[in-house]
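A quick write-up on the structure given underneath.
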Amino acid sequence: MVVEGNHEIEEQARGGIHFIMLGAYIAYNKSGDQYKWLERDLANVDRSKTPWLVATWHPPWYSSYKAHYREVECMRVAMEELLYSYGVDIVFNGHVHAYERSNRVYNYTLDPCGPVYITVGDGGNREKMAINYADDPGQCPEPSTTPDKYMGGFCATNFTSGPAAGKFCWDQQPEYSALRESSFGHGILEVKNETWALWTWYRNQDSYSKVGDQIYIVMEEPRSNGNRQINKYTMGWQGLPLIQFT
């Protein structure tokens, strides 16, 4: 499977998981072919047979690092509602050379029905790590500098609500950011069955016996469509974070 970067749009069904790979560097507006394809594809997923819905594209929507901060806001504005309405479970991104996992979020607001966004662009590269956060003093970028020149458009403006209302950046780690770390690493997603999945992130310098981040995701009852009511966060096995769907 290949994901477009600045380095195809397709769907893959694998053992109860429906993978969607999107392109951030082609048209993503509602009138474009990619958006129309995504609508058709999501509508055809039977969640009673394929309970897990995982999406991926290159640059992240939710990243609190200064590098590439809110760079693809126009894509988020265009496509986030569609992915949310069909109950996407997890989103994987790269581009930012560091690790970050979000809480469940929609439109920058904590939302138990939103996806978990995982930026794992830290496999190793010649550009070194992203180490500065946009919420660090003096690190918030000028809004006009944030759009990607290959994508066009300008949609990133000051927040209008929430703790960062009236600002372009938060002044502390954003609520949506659950864990972030500037370390080279890699992750493994294990879908145990139709109700349990396990995400584990390892630092490259550590052995597999030392876990950098781990979270269990639980679905009590798969549904035939994307809309599910999600219970509150609880704790999983071994005291690990657990996200439960009902």
Side-chain angles (χ1 to χ4, degrees), residues 1-4 8-23 34-58 60-62 79-94 99-106 111-121 123 178-179 185-202 208 211-238 240-246:
M1 296 183 289
V2 177
V3 179
E4 170 207 70
E8 324 211 301
I9 308 169
E10 57 177 298
E11 53 82 19
Q12 300 267 349
R14 293 288 186 273
I17 313 172
H18 189 80
F19 290 99
I20 299 171
M21 281 150 279
L22 300 175
Q34 178 173 211
Y35 190 98
K36 293 177 181 178
W37 170 86
L38 180 59
E39 273 189 311
R40 294 192 303 269
D41 183 69
L42 290 170
N44 288 330
V45 178
D46 185 345
R47 299 299 285 273
S48 67
K49 297 179 180 178
T50 311
W52 296 97
L53 191 52
V54 178
T56 182
W57 56 90
H58 187 61
W61 294 349
Y62 289 97
M79 305 189 85
E80 184 177 25
E81 183 178 1
L82 180 60
L83 296 176
Y84 176 83
S85 67
Y86 279 94
V88 169
D89 300 305
I90 305 169
V91 173
F92 286 106
N93 302 114
Y99 176 73
E100 187 165 17
R101 172 175 56 81
S102 80
N103 292 306
R104 294 197 170 274
V105 60
Y106 173 68
D111 189 318
C113 296
V116 172
Y117 290 83
I118 298 173
T119 299
V120 61
L179 188 149
H186 56 282
I188 299 173
L189 177 66
E190 301 174 74
V191 173
K192 304 296 187 179
N193 52 40
E194 68 274 11
T195 59
W196 284 89
L198 175 65
W199 164 253
T200 308
W201 175 72
Y202 299 94
Y208 276 104
V211 172
D213 184 30
Q214 193 169 59
I215 186 170
Y216 286 99
I217 303 172
V218 181
M219 285 192 292
E220 291 289 341
E221 181 184 354
R223 305 294 177 125
S224 59
N225 58 30
N227 300 314
R228 296 194 298 274
Q229 181 181 353
I230 303 176
N231 285 344
K232 65 181 181 180
Y233 291 77
T234 59
M235 297 305 292
W237 302 326
Q238 305 171 12
L240 296 172
L242 177 150
I243 302 174
Q244 188 174 24
F245 297 81
T246 60

Please round to the nearest 0.5 Å and tell me the distance separating atom OH of Tyr86 and atom NE2 of His18. 11.5 Å
Looking only at heavy atoms, which two atoms of Pro115 and Ile90 are closest? And how far apart? CB-N, 4.4 Å
List in chain and number order the residues that pass side chain to side chain donor-acceptor pair (under 3.5 Å) with Tyr99, two or more places apart in sequence or in another chain; answer none if no residue qualifies. Trp199, Asp213
pair Val105-Trp61: side-chain heavy atoms closer than 4.5 Å: no
Between Trp52 and Asn193 (side chain of the first, backbone of the second, donor and acceptor by atom type, cut-off under 3.5 Å), is there such a pair? yes
Check whether any side-chain N or O of Asn44 sits under 3.5 Å from a backbone N or O of Arg40 as a donor-acceptor pair, and report yes or no. yes
Using every non-hydrogen atom in the two residues, find where Thr50 and Ile17 come nearest and quote the distance to one decimal. CG2-C, 3.7 Å
How many angstroms lie between atom CD1 of Ile20 and atom CG of Leu42, to the nearest 0.5 angstrom? 4.0 Å
Does Val211 reach the side chain of Tyr202, with side-chain heavy atoms less than 4.5 Å apart? yes
By side chain to side chain donor-acceptor pair (under 3.5 Å), which residues pair with Lys192, not counting sequence neighbours? Glu190
Is it the case that the side chain of Arg101 and the backbone of Trp201 share a donor-acceptor pair, with hydrogens and angles ignored and the cut-off at 3.5 Å? no
Any side-chain heavy atom of Asp89 within less than 4.5 Å of one from Arg47? yes
Just wondering, are more than 12 heavy atoms of other shown residues or ligands nearer than 6.0 Å to CD in Glu81? no
Could you state the interatomic distance from CD1 (Ile118) to OG1 (Thr56), rounded to the nearest 0.5 Å? 10.5 Å
Answer whether the closest heavy-atom distance between the side chains of Ile188 and Tyr208 falls below 4.5 Å. yes
Please determine whether side chain to side chain contact (heavy atoms under 4.5 Å, CB included) holds for the pair Leu83 and Tyr106, giving the CA-CA distance in whole Å, both sets of side-chain angles, and the decisive distance to 0.1 Å. CA-CA 10 Å; Leu83 296 176; Tyr106 173 68; over 6 Å; no
Heavy-atom check, side chain of Leu22 versus side chain of Leu38, under 4.5 Å: yes
Would you name the heavy atoms of Ser102 and Val116 that are closest together and state the gap between them? O-CG1, 3.5 Å
In this structure, CG of Asp111 is separated from CG of Asn103 (nearest 0.5 Å) by 11.5 Å
Do Tyr62 and Asn93 have side-chain heavy atoms sitting under 4.5 Å apart? no
